[in-house]
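All heavy atoms count here, side chains included; hydrogens, waters and symmetry mates do not. Per chain, numbering begins at 1; letters A, B, ... match sequence-line order. Predicted model, so just to flag it, every value in this text is computed and none were measured.
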2 protein chains.
Amino acid sequence: METRIERIKKQLHSSSYKLTPQREATVRVLLENEEDHLSAEDVYLLVKETSPEIGLATVYRTLELLTELKIVDKINFGDGVSRYDLRQEGAAHFHHHLVCIECGAVDEIQEDLLEDVEAVVEARWNFIIKDHRLTFHGICHRCKDKAEVVEKNA
Amino acid sequence: METRIERIKKQLHSSSYKLTPQREATVRVLLENEEDHLSAEDVYLLVKETSPEIGLATVYRTLELLTELKIVDKINFGDGVSRYDLRQEGAAHFHHHLVCIECGAVDEIQEDLLEDVEAVVEARWNFIIKDHRLTFHGICHRCKDKAEVVEKNA
DNA sequence: GTGTCAAAATAAAATCATTATAAATTAATT
DNA sequence: AATTAATTTATAATGATTTTATTTTGACAC
């Protein structure tokens, strides 16, 4: 954890930004909730637990800054709020998401899976891919299993 | 065009909704601007040209209704506004998008391309896919060609 | 045709996430 | 220590979307 904070500190410095206490607290929250997909408000509430004096606008600015530096990814699942996700270190590609339409859970897929598709798109559409977003909406394994159990008992 | 309106009318009726003049005007705007990705506000302004008495809220409600009936897709490119896109008739899958980070253009890919990937995801993550969203961010063929010309002339 | 009821539309106000502004604080530099 | 630049805070503003209350419309029974 500390080493990751150190690394992020260096990333900030290399763009001549400082790792202020508020920014550090924000980054810590993101690290501690790495598997979640927190909204700005979520982050704000969590940061407030350790640094009650922080303002919502500061959290927004910090998240924006981290997004700019490609330390976090800003993602949008169409529920009206932006969510922020720490990037995997050294990951060349972005991970994908599985959004459950039953329970709302968001799971991640770290595998790329898109290499072939991207090759086709670049060749056929003459488009240089810099980034991609792939989200599947459906029924997650938990809800699926639950439904099967109910069915069996019926 | 008229046949498509007729078909949409039937779709509405089969869910016991009516194709009111306002709804028809909204659908017409969507049909006339099929290759664009209009925001609710865009649709509103265009509908207003032929039906000046329509309200923004009605447009929102109509778009929401059409989305519910899967006549249009609501998409979100992270620029803060939702955009609405007529579905291809009879398309079993959603089309994908190419967003140019230079000029902001949004092109569509009608081909599926994801069949193999979906098979892997369903099997490996035990997830039932109902819908997907795939967007590539990068440099479109127009900007790419422009850059090459500049390079050649330099 | 007229009355009645429900669906739909309108206009205005409310809500919610996000951003901008201005004043205050902190840190870095001279 | 003084000056300047960054950063933060609190508050107000914005902008997209939704809700609410009210009015209009259309279908159907009488």
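For B/D79, the side-chain hydrogen bond (donor to acceptor under 3.5 Å, both in side chains) test picks out B/R83, with sequence neighbours left out. For B/H137, the ring pair (Phe, Tyr, Trp, His ring centres under 6.0 Å) criterion is met by no residue, not counting sequence neighbours.
Remark: A/G80, A/V81, A/S82 in residues 79-86 of chain A come within less than 4.0 Å of DNA chain C through at least one heavy atom.
The distance between atom CG of B/L63 and atom P of D/dT18, rounded to the nearest whole Å, is 10 Å. Here the P atom of nucleotide D/dA10 and the CG atom of A/L56 are 11 Å apart, to the nearest Å. For A/L45 and C/dA17, the CG to C1' distance is 13 Å, given to the nearest whole Å. Remark: P of C/dA28 and CG of A/L12 are 14 Å apart, rounded to the nearest angstrom. Rounded to a whole Å, the CZ atom of A/F77 is 17 Å from the C1' atom of C/dA17. For A/I75 and C/dA17, the CD1 to P distance is 17 Å, given to the nearest whole Å. A/L19 has its CG atom 12 Å from the P atom of C/dA28, to the nearest Å. To the nearest angstrom, P of C/dT19 lies 16 Å from OH of A/Y44.
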Show me the donor-acceptor pairs, under 3.5 Å and distance only, between side chains in residues 36-45 of chain B and residues at least two apart or in other chains.
from  : atom 1 : to     : atom 2 : distance (Å)
B/H37 : NE2    : B/D85  : OD2    : 3.3
B/H37 : NE2    : B/H97  : NE2    : 3.1
B/H37 : NE2    : B/E108 : OE2    : 3.0
B/S39 : OG     : B/D42  : N      : 3.1
B/S39 : OG     : B/D42  : OD1    : 3.4
B/S39 : OG     : B/D42  : OD2    : 3.1
B/D42 : OD2    : B/S39  : N      : 3.0
B/Y44 : OH     : B/K48  : NZ     : 3.3

All N/O donor-acceptor pairs, side-chain side in residues 117-124 of chain A, below 3.5 Å, sequence neighbours left out:
from   : atom 1 : to     : atom 2 : distance (Å)
A/E118 : OE2    : A/H132 : ND1    : 2.4
A/E122 : OE2    : A/I129 : N      : 2.7

Distance-only donor-acceptor pairs under 3.5 Å for side chains of residues 50-59 of chain A, two or more places apart:
from  : atom 1 : to    : atom 2 : distance (Å)
A/T50 : OG1    : A/V47 : O      : 3.2
A/T58 : OG1    : A/R61 : NH2    : 3.3

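Between B/E68 atom CD and B/E64 atom CD the span is 6.0 Å, to the nearest 0.5 Å.
Sorted by first and then second residue, the salt bridge (Lys or Arg N to Asp or Glu O under 4.0 Å) pairs involving residues 98-107 of chain B (not counting sequence neighbours) are B/D107-B/R142. Annotation: salt bridge (Lys or Arg N to Asp or Glu O under 4.0 Å) contacts involving residues 8-27 of chain A, sequence neighbours excluded, comprise A/E24-A/R28.
Ranking C/dT18, D/dT18, D/dT11 by closeness to the B/K74 side chain, first place goes to D/dT18.
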Protein within reach of the bases, or only the backbone? For nucleotides 2-8 of chain D, mark each nucleotide 5' to 3' as B, S or -, using heavy atoms under 4.0 Å. ----SSB

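A sub-4.0 Å separation between OP1 or OP2 of D/dT18 and a side-chain N or O of B/Y60 is absent.
Contact annotation: the side chain of B/L30 approaches that of B/L66 to within less than 4.5 Å [non-hydrogen atoms, C-beta and beyond].
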